[in-house]
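Below is one structure, written out as C-alpha cells, with a few remarks after it.
The chain is numbered in sequence order, starting from 1. All values below were derived from every heavy atom in this structure, side-chain atoms included, with hydrogens, water molecules and symmetry-related copies excluded.
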Amino acid sequence: MATPLSHTSPSALMTVAVVGLGTMGTGITEVLARAGREVVGIDISEATAAKAVAALESSTARAVVRGRLTEQERADLLARFRTSTDLRAAADADLVIEVAPESYEIKHQIFRALDDIVRPDTILATGTNALSVTRLAADSARPERVLGLHFFNPAPAMKLVEVVSSVLTAPQAVAAVTDLAIELGKEPVAVGDRPGFVADGLLFGYLNQAAAMYEAKYASREDIDAAMRLGCGLPMGPLALLDLIGVDTARTVLEAMYSESNDRLHAPAPVLKQLSEAGLTGRKSGRGFYSYEAPGSATVVADALTPLSDAPETPGRTVRSVGVAGSGTMASGIAEVFAKAGYEVVLAARSEEKAQIAKARIGKSLARSVDKGRLTAEAAAQTLDRITAAGSYDAFADVDLAVEAVAEDLEIKQQLFGTLDKVCKPGAVLATTTSSLPVVACARATSRPQDVIGMHFFNPAPAMKLVEVVRTVLTADDVHSTVREVCVKIKKHAVDCGDRAGFIVNALLFPYLNNAIKMVQEHYASLDDIDAAMKLGGGYPMGPFELLDVVGLDVSLAIEKVLHREFRDPGLAPAPLLEHLVAAGCLGRKTGRGFREYARR
C-alpha cells in the first residue's frame, strides 16, 4: 500500500513551518528563507516572534552591507517570512520543523495538534537532540511521516544536519528532507534514533567527564579548557562550551542519554544539577562555570575562582642547561624547543649514532623553518650549535633539568630514572614526558622523589603549545615552580594536574574516541558519517577515526587500557573492534591500514 508520502519530492518542500522561535528556530528560518522557501515562524509568544523578525531583519541588513545580498534580494527574503502565534498557520506547510523546548510533553502536544492541522502528506520533523524520535512518531496519527532534523547552533553557519529515522519512518520522507538539506547548503548525515544521535552522543559524554573532572578539583576550569583547546585543537574548552550550550540543556540531554544507555559516562555530573538548580545556567544567565559581563554576554569577567597570577608563589631553581633523554621524534622535538629558547641542550641516547641521527632530524626541522621564513639561517645554525649529541647519560652530569622522552614502558622509564639519579647533580630537576604512566612510579625509582615531576609535551613538540605539568604527592614546591617558569621561557602554555591516568587531555579524549568506535561496532553510523559529524557539528579539526589512525591504534589501545585499569569504569573498557584491529596488525597510517587504508609510501 502506498504511503501518503509516495509523491513527496524535494521540490514539493517549498513551504516550511518552524514551530518555536528561540535561537535555533530563528536560525533555521533564516536558512530556509535564504534558500527561497516560504517560511511560517510559529511561537506562542508574540514577543519571541517579533524578536525573530528583528533578528532576520538585522542579519540580512548586515548581509547587504557586506555585499552578500542586494536590497531587492533582502526585500524578497523578508517577504517570504511571516510569523504567527497560532499552530493553524502551519496548515499549508509541506514540512513542519518543531524546535520547542526539550520536553516530551510539549513536543507531544505540538505533534498531536499538528495531526489535525496539516495535510496527510506533510512531513513532521523534530529538532530534538536528546529525546526519542520513535516515541514522538508513535504518538502521531501518521508515524511514517515523522523524523528528526537536527540542526546545529548557529544554524546559518553550521554545515551539519543529522537526519534521524525511526523504524517507522518512510524512506521517501528521509529522501525528501535529505535533498532539502543539500539544497540548503548543508551536509546531511543519516543516523538512527538514539539519544544524542552521533555528534551530541559523542560530545556530551566528553562534556560530562570534563564537568566531573572540574568538580573533583583535579584541575582548574581554565586549565581544563586550555588543555583541550591547545592539546586537541578544539575551538572551545568543554566548560566554556557547556556555558554556551546551557548547563540546564546539557543536563537534560545527559539525563535522556543515561536513561537509554545506563552508561555511567552519561550520568550527569552532580555539579550540572547544582548549577542548574541555582539558576547558574551559563552565558544566558550571566554565570555558569564562568562569570559573564551580563546575561547573554560572551565576555568572561573575573570572579572568586579566577587565578590572580601565573607567577608561582615559591621561587624556582635556576635552569641554564637541559638534558633530553631519547632519540625518537618526541625527544628531538623537545630538544629543539629548548635550544630555540636559548638553553644549552645535551641530547643523549643509548648510542652516539642514535643521538647523532636525532640531532640530524632537528637540523632538518630547523631547515624547514628557514625555508618557510619562520627562522633565519643564522638563528637555525645557533640553535643547532647549542645541542650536544651524546651516546651516554653520563653527559647529564651538569644539567639543571633532565627530561626523559624514551619508550612508554614503565620498566624502561624506571631503569632510566635510576640512572639519572646516579649521574645528575644534586638539585637537578628530573622530568618525565609520560602520557599515561604514573609519574610517582618513576620518582620512586630515585633517591630524590621530591625532584621528580611530569612534563607532558604534545607531538610535534615544536608546534604544539601545551605542556601538562604533573605533580606527584612527593614533588617539591620549588620543582613545580621551576617547571612553570621554564614553560614560560620556552613559550609553552603550562596546565597543572595531578598524577593520575591520562592527566587532562588523554583522560577526556580517549573515552570519546572509544565511544566513536563503539558506534561503528554497533553499526549505528559509518566511519565517514561520524568523522563528518564531529568536524562539522563539533568544530573538531579531525574526525575520531582520522585521529585514531594518526595516533596509532596500538598507542590508543594502550591508553584505553590504562584508563580502564585506573578508573575501573565499565564504560571505559576498550571497544572490542579496536582490540581486533590491533591484534590483526592494523595500527593506522604507520602500517598502511587502520580504520581506513592508506597508500604505502
Ala199 and Leu160 have their tightest heavy-atom pair at CB-CD2, 4.1 Å
Aromatic plane relationship, Tyr206 with Tyr512 - under 30° parallel, 30 to 60° tilted, over 60° perpendicular:
tilted
Are a donor atom and an acceptor atom from the side chains of Tyr290 and Asp225 found within less than 3.5 Å of each other?
yes
Closest heavy-atom pair, Leu416 versus Ala325, reported as atoms and distance to 0.1 Å, is CD2-CB, 3.9 Å
Hey, are the side chains of Val473 and Asp499 touching, using non-hydrogen atoms and a 4.5 Å cut-off?
no
Does atom CZ of Arg444 have more than 12 heavy-atom neighbours, drawn from other residues, nucleotides or ligands, at distances under 6.0 Å?
no
List the atom pairs, with distances to 0.1 Å, where a side-chain N or O of residues 429-441 and a protein N or O form a donor-acceptor pair under 3.5 Å, not counting sequence neighbours.
from   : atom 1 : to     : atom 2 : distance (Å)
Thr432 : OG1    : Glu404 : OE1    : 2.4
Thr432 : OG1    : Thr434 : N      : 3.1
Thr433 : OG1    : Glu404 : O      : 2.9
Thr434 : OG1    : Glu408 : OE1    : 3.3
Thr434 : OG1    : Glu408 : OE2    : 2.8
Thr434 : OG1    : Ser436 : N      : 3.3
Thr434 : OG1    : Leu437 : N      : 2.9
Ser435 : OG     : Glu408 : OE2    : 3.3
Ser436 : OG     : Glu408 : OE2    : 2.9

Side chain to side chain, Val133 and Leu136, heavy atoms closer than 4.5 Å
no
When you measure from the side chain of Arg251 to the backbone of Gln274, do you find a donor-acceptor pair of N or O atoms at a distance under 3.5 Å?
no
Any Leu202 side-chain heavy atom under 4.5 Å of Met519 side chain:
yes
Find out whether Ser165 and Leu147 are in side-chain contact, i.e. whether some heavy atom of one side chain is under 4.5 Å from a heavy atom of the other.
no
Is a side-chain donor or acceptor of Asn153 paired with a backbone partner of Met24 at a separation under 3.5 angstrom?
no
For residues 530-556, which side-chain donor-acceptor pairs fall under 3.5 Å, sequence neighbours excluded?
from   : atom 1 : to     : atom 2 : distance (Å)
Asp531 : OD1    : Phe545 : N      : 2.9
Asp531 : OD2    : Glu546 : N      : 3.4
Asp531 : OD2    : Arg596 : NH1    : 2.9
Asp531 : OD2    : Arg596 : NH2    : 2.9
Lys535 : NZ     : Glu546 : OE1    : 3.2
Lys535 : NZ     : Glu546 : OE2    : 3.4
Glu546 : OE1    : Gly543 : N      : 2.7
Asp549 : OD1    : Phe595 : N      : 2.9
Asp549 : OD2    : Phe595 : N      : 3.3
Asp549 : OD2    : Arg596 : N      : 3.2
Asp549 : OD2    : Tyr598 : OH     : 2.5
Asp554 : OD1    : Lys590 : NZ     : 2.8
Asp554 : OD2    : Lys590 : NZ     : 3.2
Ser556 : OG     : Gly552 : O      : 2.9

Would you say that more than 12 heavy atoms from the other residues, nucleotides or ligands in this model lie under 6.0 Å from the CD of Glu353, or not?
no
Tell me yes or no: between the side chains of Ser365 and Glu336, is some donor less than 3.5 Å from an acceptor?
yes
Check residues 561-575 and write down every donor-acceptor pair under 3.5 Å in which the side-chain atom is one partner and the other belongs to a residue at least two apart or another chain.
from   : atom 1 : to     : atom 2 : distance (Å)
Glu566 : OE2    : Ala501 : N      : 3.1
Asp569 : OD1    : Gly571 : N      : 2.9

Ile224/Leu508 under side chain to side chain contact (heavy atoms under 4.5 Å, CB included): CA gap, chis, key distance, verdict:
CA-CA 10 Å; Ile224 291 170; Leu508 295 177; 4.2 Å; yes
Does Arg350 CZ have over 12 foreign heavy atoms under 6.0 Å away?
no
Testing the basics here: between Arg484 and Ala494, what is the closest heavy-atom pair and its distance to 0.1 Å?
NH1-O, 3.5 Å
Any side-chain heavy-atom pair of Asn515 and Leu265 under 4.5 Å
yes
With heavy-atom distances below 4.5 Å as the criterion, would you say the side chains of Cys487 and Met455 are in contact?
yes
Validation row: Val505, Cys232 side chains within 4.5 angstrom (heavy atoms):
yes
